[in-house]
Amino acid sequence: TTTKMAQRAIRKVLLAAEQSEGAGARVRRSIGTPSLRNLSPFLMLDHFSVRPGAGFPDHPHRGQETITYLLEGAVDHEDFAGNRGTIRAGDLQFMTAGRGIVHAEMPAQNPDGGANVGLQLWVDLPRELKACEPRYRDLRAAEIPRVDVDDGRATVRVISGQSHGVDSVKDLAYTPVWILDVELRPGARVTQPLPSGWNAFAYVLEGDAYFGGGEGDARTKVAQYHNVVFQQEGDAVHVEAADDAAAGNTRLVIVAGTPLDQEVVQYGPFVLNSKEGVYQALMDYQSYSNGFERAKDWQSEIGK
Ligand SMILES: Nc1ccc(F)c(C(=O)c2c[nH]c3ncc(Cl)cc23)c1F
Ligand SMILES: [Fe+3]
């Protein structure tokens with residue numbers, strides 16, 4: 001007999017309000033705001049929109065991993081070590097900043113193009129990896145397995161982790177995370193197991209999603225641009241779409257990660273385990289040392 005999955009209850013629901021970031025970019029930040037800081041290992045979630053002429057010019061990172069998921073358009077990146085690349089709709093870039101990166105992230109040259117839209121998730125690095133060598137891992141759309149669920153009413157792109165018997169192709173971040181891109185057509189019902197004890201959230205990209213319910217409990221309706229943070233207890237999250245065929249599709253990402261048992265002291269893109277660590281990062285960045293040597297006399301081409 002299959003034991004019924006203990007569903008995770010909702011801890012809180014947050015609206016991701018729009019704010020400015022970088023040079024003329026707009027982001028909807030739902031993790032990393034005063035109302036949601038402690039969701040280890042997650043430090044920030046930005047749902048960004050960047051038009052040609054705007055972007056994220058030269059800036060540093062230390063002590064975290066950034067996972068960038070392009071939903072529309074294309075973004076170029078270029079760093080102080082000469083690494084360059086483009087991530088297009090459906091692709092992801094996993095960047096481990098480790099001891100230090102200085103880079104720019106700008107819309108790919110398409111002057112008459114529309115907005116470039118995606119998600120950028122910052123994941124904390126465990127203490128012993130804070131000073132590791134930086135690295136990049138790209139995951140192209142074609143490499144991401146898809147699984148049809150609920151008689152084809154739902155589709156899950158398994159970016160990282162497992163869903164309904166399908167495994168992602170490879171682990172790309174040091175800190176274990178699951179990232180599932182879920183498309184629900186009208187009437188879809190999906191129960192998604194998650195590793196127990198991990199922190200987990202869902203961010204609604206399109207349409208309305210209904211969480212929980214069953215056993216006589218009412219479902220919770222969550223609208224677009226809202227982030228649903230789940231309790232740590234429980235084995236699975238349950239999500240549904242409205243039955244009404246006129247409602248259109250619902251799209252959300254379900255993300256889970258292993259909590260890190262360490263202090264988080266953050267000053268912008270410097271994320272360490274102590275104030276001294278943050279001071280040191282600021283000093284190193286300003287004096288081009290301990291991982292920031294290549295920032296001296298460097299300017300990106302794309303961020304000019
Ligand atoms: N000022 C400032 C300081 C530190 C940063 F890391 C950034 C930054 O690069 C981003 C912050 N949200 C993002 N969403 C998507 C992308 Cl592609 C980049 C960013 C930035 F703009
Ligand atoms: Fe960056």
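A quick note: this is a predicted structure, and the numbers were derived from the prediction, not measured.
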Looking at [Y], does the NZ or CZ of [X] lie under 6.0 angstrom from its six-membered ring centre and within 45 degrees of the ring axis?
X	Y	value
Arg62	Phe292	no
Arg8	Phe230	no
Arg137	Phe94	no

Please find the pair of heavy atoms, one from [X] and one from [Y], that lie closest to each other, and give the distance.
X	Y	answer
Pro269	Pro60	CB-O, 3.1 Å
His164	Thr191	NE2-O, 3.4 Å
Ala241	Tyr210	C-CD1, 4.1 Å
Phe56	Val50	CE1-CG2, 3.6 Å
Ser300	Ala104	OG-CB, 3.6 Å
Glu263	Asn273	O-ND2, 2.7 Å

Heavy-atom neighbours of Arg135 CZ exceed 12 at 6.0 Å: yes

Can you tell me if CG on Asp244 sees more than 12 non-hydrogen neighbours from other groups inside 6.0 Å? yes

What is the distance from atom [atom1] of [X] to atom [atom2] of [Y], rounded to the nearest 0.5 Å?
X	Y	atom1	atom2	value
Ile254	Tyr203	CD1	OH	15.0 Å
Ile179	Leu92	CD1	CG	6.5 Å
Leu121	His47	CG	NE2	13.5 Å

Hydrophobic clusters here meaning ILVMFWY residues chained together by side-chain heavy-atom distances under 4.5 Å, can you tell me if Leu282 and Val271 are in one?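 Result: no, two separate clusters.
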
Examine the side chains of [X] and [Y] and answer whether a donor and an acceptor come within less than 3.5 Å of each other.
X	Y	answer
Ser163	Gln192	yes
Ser196	Asp235	no
Gln64	Gln266	no

Basic-acidic side-chain contact under 4.0 Å: [X], [Y]:
X	Y	answer
Arg189	Asp243	yes
Lys304	Glu301	yes
Arg251	Asp181	yes

Sole residue of Phe270, Trp122, Phe80 in ring pair (Phe, Tyr, Trp, His ring centres under 6.0 Å) with His61: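 Among the candidates, only Trp122 passes.
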
Start with the C-alpha gap between Gln120 and Glu105, add the side-chain angles, then the distance that decides, and say whether side chain to side chain donor-acceptor pair (under 3.5 Å) holds. CA-CA 11 Å; Gln120 186 167 95; Glu105 298 150 290; 3.0 Å; yes

Quick one: do Asp46 and Arg26 satisfy salt bridge (charged side-chain N to carboxylate O under 4.0 Å, His left out)? Show the steps, please. CA-CA 9 Å; Asp46 274 359; Arg26 301 288 286 166; over 6 Å; no

Side chain of Asp79, backbone of Gly82: donor and acceptor closer than 3.5 Å?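 It does hold such a pair.
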
Taking it one step at a time, do Val123 and Phe42 satisfy side-chain contact (heavy atoms from CB on, under 4.5 Å)? CA-CA 5 Å; Val123 182; Phe42 303 115; 4.2 Å; yes

